[in-house]
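What follows is a short report on a single structure.
Every chain is numbered from 1, with letters handed out A, B, ... down the list of sequences.
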Amino acid sequence: MPENPNKPSAPVHFIRAIIEEDLKTNKWGGRVHTRFPPEPNGYLHIGHAKSICLNFGLAAEYNGLCNLRFDDTNPTKEDVEYVDSIMEDVRWLGFSWDDRLYYASDYFEQLYDYAVQLIKKGKAYVCDLSPEEVRQYRGTLTEPGQNSPYRDRSVEENLDLFERMRNGEFPDGSRTLRAKIDMASGNLNMRDPTIYRIKHATHHRTGDKWCIYPMYDFTHCLSDSIERITHSICTLEFEDHRPLYDWFLDQLGVYHPQQIEFARLNLSYTVMSKRKLLQLVQEKLVNGWDDPRMPTICGLRRRGYTPESIRAFAEKIGVAKRDSVVDVALLEHCVREDLNLRANRVMAVLRPLKVVIDNYPEGKVEELEAVNNPEYPGAGTRKLPFAREIYIEQEDFKEFPPKKYFRLAPGQEVRLKHAYIIKCVGVVKDDKTGAVKEVHCVYDPQTKSGESADSRKVKGTLHWVSAAHAKTAEVRLYDKLFTKPDPDEDGDFKASLNPNSLEILTSCAIEPGLADAKPLEHFQFLRHGYFTVDPDSRPGNIIFNRTVSLRDTWAKVEKKEN
RNA sequence: UGGGGCGUCGACAAGCGGUAAGUCACCAGCCUUUGGAGCUGGCAUUCCCAGGUUCGAAUCCUGGCGCCCCAGCCA
């Protein structure tokens with residue numbers, strides 16, 4: 001595969017700057033140790049890809065390590081289906097965690113001990129308030145909260161109660177373990193946050209061993225500490241939680257990673273929240289998590305995106321603290337740039353129109369040589385059958401051509417890619433509908449592709465497929481899933497779903513060699529775009545997904561003329 | 001009337017007191033047997049606003065304004 005000569009050198013964003021400074025001052029003894037910590041409650045999307053590329057990328061760049069850790073502290077929402085898909089997606093993106101696969105649930109015993117330590121220090125207590133009461137005691141954004149009546153229980157009583165919580169003596173929701181911090185803090189996270197809650201639920205890894213589960217805030221910072229993470233990179237909304245993490249770590253006197261927050265990715269014309277994506281799947285508004293219209297990693301993979309293009313995208317969008325929405329056109333640019341170099345060009349006629357070349361001998365078949373990829377000579381050439389009857393694209397012929405239309409029209413000449421120049425001499429129409437059924441042309445034998453006898457210039461070049469040799473294929477054309485840059489604009493993202501986001505074409509004519517392409521192989525359909533073979537393809541019934549169309553200046557001209 | 005962040009081109013994003021990088025998008029031209037790709041050029045006298053400090057401010061100071069996040073026993 002050719003190297004992209006335009007590969008940009010990595011820009012120094014603020015996190016790189018922090019790491020380089022830390023390396024210079026030897027803050028972590030030269031170590032860079034990050035982690036990607038997903039909760040296994042959904043499929044990964046392009047926003048996670050940004051985080052994955054950041055965490056694994058930084059580690060690789062600075063000779064460090066990056067762990068994969070599942071933050072699996074809520075058994076009622078998590079599932080092994082998700083842990084499997086997450087591992088597959090991270091691997092596919094091109095990253096490896098070697099033997100550093102961890103689960104927060106591996107630390108449950110250790111975490112329990114930490115909680116006991118807090119109780120012994122008088123820094124945590126068992127609270128009997130109901131969820132509603134806790135909310136009332138919490139106060140509001142502008143008013144301080146009130147202390148729980150259970151806040152001053154003795155260490156002995158707390159120890160006893162907490163142990164009995166673990167032993168399953170109390171029902172769900174009846175009690176919690178809370179940190180004793182400050183009910184008047186302006187930061188609500190510091191108003192005696194919950195550390196443990198009772199959930200008599202089966203965990204996907206620990207089974208029924210536990211009926212109390214630690215909360216995310218407690219678990220996350222301590223898991224990072226246990227793994228001796230140097231840079232705990234997370235998104236902006238956790239900035240408010242940092243004081244709480246600092247408090248836990250300091251009270252316990254344990255290893256203290258440095259947390260750095262960055263802005264999560266938003267992409268135009270799509271939604272990124274797990275809740276909304278789950279809704280699209282559950283309500284069958286799309287065909288599953290890997291529907292090629294989804295911004296999920298598996299959706300993008302099935303759509304034909306490459307790991308390289310996603311990594312390039314992650315690099316190009318940068319890393320900062322400002323809320324932003326990246327134009328989906330940048331993502332599309334990244335796949336085009338990658339696929340332009342690696343995808344073989346092939347000919348596929350999506351909406352066939354028959355062309356008969358009147359002066360071409362009946363029964364004759366020529367094998368024409370075609371270059372596979374002009375951007376990469378190493379891709380070689382292939383033979384293409386040419387005969388008297390061929391298919392061209394319906395939109396490549398117009399009986400009454402508009403201005404600047406360089407394609408086929410009565411009396412007009414075009415080049416057939418890799419073949420001859422032909423001239424339109426007549427049309428056959430359907431008696432009833434008046435639609436053009438067939439176009440008649442004559443060819444000039446002197447204009448065979450690659451033979452220098454002729455230097456005639458024609459404005460247009462069309463792709464084509466020999467009618468007798470063509471194979472049939474199904475092609476799925478995808479458009480944006482939503483009609484608005486911000487689907488959430490007026491609070492109802494489903495209202496802005498694009499009814500035309502999928503168009504299925506079932507009678508496409510493809511060049512013969514394409515019929516046995518392998519799933520996820522990438523091609524450029526000449527003059528159309530980049531396509532990949534859908535994994536649902538079966539022998540004799542091949543399906544192609546359009547990854548992205550080619551830039552289409554004619555479409556722009558056409559639009560402007562109107 | 002709480003706490004935490006953030007405001008640089010249509011969209012991302014550099015810049016860290018010495019006179020506004022780069023990318024996408026867009027526009028124009030060249031080139032082309034893909035109306036693709038490639039190439040060339042254009043695209044912020046100005047950095048949310050107002051004052052101030054300075055020979056000099058996007059960068060420092062003061063005061064405004066705007067946007068985002070937080071009141072799960074979710075993560």
**Request:** Please evaluate the base of B:rG35 for a donor-acceptor partner in the side chain of A:Glu558 within a cut-off of under 3.5 Å?
**Result:** no
Can the ring centres of A:Phe162 and A:Tyr196 be said to be less than 6.0 Å apart? yes
Subject >> Pair of N/O donor and acceptor under 3.5 Å linking B:rG4 base with A:Asn187 side chain >> reply: no
Under a 3.5 Å limit on both distances, the Watson-Crick or wobble mate of B:rC6 is B:rG66
Here the distance between atom P of B:rC74 and atom CG of A:Leu278, to the nearest Å, is 17 Å
The residue among A:Asp71, A:Leu68, A:Asp72, A:Asp89 that forms side-chain contact (heavy atoms from CB on, under 4.5 Å) with A:Pro38 is A:Leu68
At under 4.0 Å between heavy atoms, what does A:Asp240 touch on the DNA or RNA strands: base, sugar-phosphate, or nothing?
base
Quiz item: Just checking, A:Arg415 and A:Tyr420: is the charged tip under 6.0 Å from the six-membered ring centre and within 45° of the axis?
Solution: no
**C1'-based separation of B:rG66 from B:rU19 [nearest Å]** = 28 Å
* Span that lies between the P atom of B:rC39 and that of B:rG52, in whole angstrom -> 48 Å
Whole-Å distance, A:Glu511 CD to B:rU34 C1', equals 14 Å
Check: Quick one: do A:Glu61 and A:Arg16 make a salt bridge, cutoff under 4.0 Å?
Finding: yes
Give one of base, sugar-phosphate or nothing for A:Phe238, where a contact means two heavy atoms less than 4.0 Å apart. base
If you measure from the P atom in B:rG4 to the same atom in B:rG42, how many Å do you get, rounded?
-> 46 Å
Atom CG of A:Asp488 and atom P of B:rC68 are separated, to the nearest Å, by 13 Å
Phosphate OP1/OP2 of B:rU33 contacted by A:Lys457 side-chain N/O (<4.0 Å): yes
Looking at A:Arg322, does any N or O in its side chain come under 4.0 Å of the phosphate oxygens OP1/OP2 on B:rG5? no
Of A:Leu526 and A:Arg336, the one whose nearest nucleotide on RNA chain B sits closer to the 5' end is A:Arg336
message: Aromatic contact between A:Phe525 and A:Phe531, with the criterion being ring centroids under 6.0 Å apart: yes or no?
response: yes
To the nearest angstrom, the NE2-C1' distance between A:His241 and B:rC69 comes to 9 Å
Problem - C1' spacing across the pair B:rC47 / B:rC12, given as an integer number of angstrom - result: 16 Å
May I ask you to verify if any side-chain N or O of A:Thr73 is less than 4.0 angstrom from the OP1 or OP2 atom of B:rA75?
yes
As its Watson-Crick or G-U partner within any shown strand, both distances under 3.5 Å, B:rA75 has none
Which part of the nucleic acid does A:Asp323 contact within heavy-atom distance under 4.0 Å: base, sugar-phosphate only, or nothing? sugar-phosphate
Expected list for residues 190-200 of chain A near RNA chain B, using heavy atoms below 4.0 Å, is A:Thr194, A:Arg197, A:Lys199
B:rA20 versus B:rU8 - spacing of their C1' atoms, nearest Å | 8 Å
**Request:** Using modelled atom types only, decide if a donor and an acceptor are shared between the side chain of A:Gln524 and the backbone of A:Leu339 within a distance under 3.5 Å.
**Result:** no
Partner of B:rU53 under the Watson-Crick or G-U wobble criteria, both distances under 3.5 Å, comes out as none
Counting only side-chain N and O atoms of A:Thr553, is one of them less than 4.0 Å from OP1 or OP2 of B:rG36? yes
Check: B:rU1 base within 3.5 Å donor-acceptor of A:Glu143 side chain: no
Expected label for B:rG36 (glycosidic angle, syn inside 90° of 0, else anti) would be anti
Exactly one candidate in A:Phe108, A:Tyr103, A:Phe70 meets ring-ring contact (aromatic ring centres under 6.0 Å, His included) with A:His203; the answer is A:Phe108
Q) Within 45° of the axis and under 6.0 Å from the centre of the six-membered ring of A:Tyr213, does NZ or CZ of A:Lys199 qualify? A) no
| task | Provide the distance between the two C1' atoms, one in B:rC9 and one in B:rG18, to the nearest whole Å. | result | 23 Å
Between B:rU33 and A:Ser449, counting only base atoms on the nucleotide and side-chain atoms on the residue, is there a donor-acceptor pair under 3.5 Å? yes
Nearest-nucleotide check on RNA chain B, A:Tyr405 vs A:Val319; residue mapping nearer the 5' end is A:Val319
(request) Determine: side-chain N/O of A:Lys321 to OP1/OP2 of B:rG7, distance under 4.0 Å, yes or no. (result) no
note: A:Lys404, atom NZ; B:rG35, atom C1'; distance rounded to Å ~ 12 Å
By the Watson-Crick or G-U definition, both distances under 3.5 Å, B:rC30 is matched with B:rG38
Can the ring centres of A:Trp554 and A:Phe406 be said to be less than 6.0 Å apart? no
Taking any heavy-atom pair under 4.0 Å as a contact, classify A:Val458: base, sugar-phosphate, or nothing.
nothing
Applying the 3.5 Å cut-off to both distances, the Watson-Crick or G-U partner of B:rU59 turns out to be none
Does A:His463 place a side-chain N or O at less than 4.0 Å from the phosphate oxygens OP1/OP2 of B:rU34? no
Rounded to whole Å, the NZ-P distance (A:Lys559 to B:rC26) equals 10 Å
message: If you compare every side-chain N and O of A:Arg138 against the phosphate oxygens of B:rG2 (OP1, OP2), does one of them come in below 4.0 Å?
response: no
Within 45° cone and under 6.0 Å: A:Arg153 NZ/CZ vs A:Tyr125 ring: no
- Across the strands shown, which category fits A:Arg345 at heavy-atom distances under 4.0 angstrom: base, sugar-phosphate, nothing? base
For B:rG35 and A:Arg527 - does any side-chain N or O of the residue sit under 4.0 Å from the phosphate oxygens OP1/OP2?
yes
Ranking B:rG36, B:rC24, B:rU33 by distance to the side chain of A:Thr461, first place goes to B:rU33
Quiz item: Is A:Asp106 salt-bridged to A:Arg69, going by a charged N under 4.0 Å from an acidic O?
Solution: no
Exercise for the section: Write down the distance separating the C1' atoms in B:rC24 and B:rA13, rounded off to the nearest Å. Expected result: 11 Å
* Asked: Between the side-chain atoms of A:Arg135 and the base atoms of B:rG72, is any donor-acceptor pair under 3.5 Å?
  -> no
Looking only at N and O atoms, is any donor in the side chain of A:Arg415 or the base of B:rU33 less than 3.5 Å from an acceptor on the other one? yes
Rounded distance in Å between the C1' positions of B:rA75 and B:rC65: 34 Å
A:Lys556 atom NZ is separated from B:rC26 atom C1', nearest whole Å, by 8 Å
Taken to the nearest whole Å, CD/A:Glu261 to P/B:rG5 is 9 Å
